[in-house]
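Any value given below was found using the heavy atoms of this structure, including those in side chains, with hydrogens, waters and symmetry copies removed.
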Amino acid sequence: MDASEGVSQENEFTGDAGVGTMQERLQKRNQARIDDVERRKEAKESLSVAEEQLEYFSTTFKRERVCIEELLSSCSGADRAVVTQRLEEATAQTVQLQKFLNDSVLFLTQYELRQAQAALQKLQASLTETRENALPKKKFAFRTRSKVADKASVPVSDSPPPDAAPTPAGPHEVDGGAASDLCGFFNMDSEHLTKTSEEIQKRDVLLSHLSNCKVRLLGSPSTLHLKHIDSCEILCGPVATSVFVDHCKNSILSFPCQQLRTHRTTDTQVYLHVTSRAIIEDCRGVTFAPFFWSYPTLEEDYRASGLSQDINNWSQVDDFNWLAAGTPSPNWTLIPEADRKTNWD
């Protein structure tokens, strides 16, 4: 073989290899384009599904809310038997609407969730107001009362001392309104305090300005309000609707409820069973663990409250001061299992 023939064969082999390499590059580019198209298609489909879910939620939630509002409006002027039936129906529908919201939280934005929870809270307030107006003998009805009537209705053991200093929110004020037949403990220090089921069942309970106290609430209250609590241990049976915590510090709380709203609270442990999602605002150092406490009528009180024992979102907390997506809020954490309480004194 002469030199020219060798060079020719070498060029031929090199050319074949170059063609093969180019074909491989083209195939890879084509596959990359196909993969990119598939990713975009999947992303578009996923977005479409999310939009459909949100649209379905918004439409359904609004429709059910309007139905409940119409039921409550129809109670005006109706006789007692009809009102009772409609209130029961409205209550059942409100519970179902809460469950629908619980099942939808995974794809709702913080804003949408907040709006829906506010709408539910407004419905519950309307339900209570309608029941008060139509069935005033119910224990948990609300109405404005004179100071003289308030003093007469509250047990001496629960009332603040006559010379007690005025507080920003009086012991009988719940979220800015006066409550009739309200029970609770106010302005106490270093006490062991207990309420029985008969005292709190289906009533609104307020604990206000307590320090270094141990409180046991045996029963199922309608709502629970904790205000200005310092270094206390508070255990409560199933709360039918909401628990509101404000200005609490260095304390341990344990209760089941439908909704938890916590404001201006620091360095507090919460052992929680909640069927929606807990909400904190202007808080720091709040820690969570699953609810645990047992007393003889606990199962009966769960049934009375209407809470589901199968739904517990104790670890799902929304911080309204921390909306950075994908970054955990520094204001709350979960209590490690090794550090959780295992018994109560």
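Look at Asp318 and Arg277 and you find a salt bridge, because one of the NZ, NE, NH1 or NH2 atoms lies within 4.0 Å of a carboxylate O, short of that distance. Salt bridge annotation for Arg216-Glu233: present, with a cationic side-chain nitrogen under 4.0 angstrom from a carboxylate oxygen.
Scored by the salt bridge (Lys or Arg N to Asp or Glu O under 4.0 Å) test, Arg340 finds no partners at all (sequence neighbours excluded). The ring-ring contact (aromatic ring centres under 6.0 Å, His included) test applied to Tyr271 returns Phe292, Trp344, not counting sequence neighbours. For Phe61, the ring-ring contact (aromatic ring centres under 6.0 Å, His included) test picks out Phe57, with sequence neighbours left out.
Put simply, the side chain of Ser242 does not reach to within 4.5 Å of the side chain of Cys257, judged on heavy atoms. A heavy-atom distance below 4.5 Å is found between the side chains of Met188 and Leu193. Between Pro238 and Leu298, some side-chain heavy-atom pair lies under the 4.5 Å cut-off. The side-chain heavy atoms of Leu235 and Phe255, taken from C-beta on, include no pair separated by under 4.5 Å.
Between the side chains of Glu300 and Thr297, not a single donor N or O lies within less than 3.5 Å of an accepting N or O. If you check the side chains of Gln121 and Gln117, you find no donor sitting under 3.5 Å from an acceptor. A donor-acceptor contact under 3.5 angstrom links the side chains of Ser329 and Asp319, judged on distance only. Side chains of Gln259 and Gln98: a donor-acceptor N/O pair is absent below 3.5 angstrom, by distance only. At a cut-off of 3.5 Å, with distance as the only test, no side-chain donor of Arg284 or Thr265 sits close to an acceptor on the other residue.
The main-chain N or O of Ser211 is never found under 3.5 Å from a side-chain atom of Ser231 such that the two would form a donor-acceptor pair. Side chain of Asn133 to backbone of Glu129: a donor-acceptor contact under 3.5 angstrom is found. Checking side-chain atoms of Thr84 against main-chain N and O of Val82 turns up no donor-acceptor pair under 3.5 Å. The closest donor-acceptor contact from the side chain of Ser276 to the backbone of Gln258 lies under 3.5 Å. Using a distance-only test at 3.5 Å, with no hydrogens or angles considered, no donor-acceptor pair links the side chain of Ser222 to the main chain of Arg203. At distances below 3.5 Å, not a single donor-acceptor pair connects side-chain atoms of Asp282 with backbone N or O atoms of His263.
Both Trp314 and Leu260 sit in one connected hydrophobic cluster of ILVMFWY residues. Membership requires side-chain heavy atoms under 4.5 Å apart, directly or through other members. Taking hydrophobic clusters as Ile, Leu, Val, Met, Phe, Trp and Tyr residues chained together by side-chain heavy-atom distances below 4.5 Å, Leu87 shares a cluster with Ile68. Criterion: ILVMFWY side-chain heavy atoms under 4.5 Å apart, direct or through other members. Under it, Val83 and Leu127 are part of a common hydrophobic cluster. Linking Ile, Leu, Val, Met, Phe, Trp and Tyr whenever their side-chain heavy atoms come within less than 4.5 Å leaves Val270 and Leu307 in two separate clusters.
Aromatic ring centres of Tyr295 and Trp293: separated by under 6.0 Å. Checked against the 6.0 Å centroid threshold, Phe186 and His228 do not count as a close aromatic pair.
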Going through the checks in order, is the side-chain hydrogen bond (donor to acceptor under 3.5 Å, both in side chains) test met by Thr223 and Asp204? CA-CA 5 Å; Thr223 62; Asp204 295 276; 2.3 Å; yes
Can Asp267 and Lys249 be said to form a salt bridge (Lys or Arg N to Asp or Glu O under 4.0 Å), step by step? CA-CA 6 Å; Asp267 302 322; Lys249 62 181 180 180; over 6 Å; no
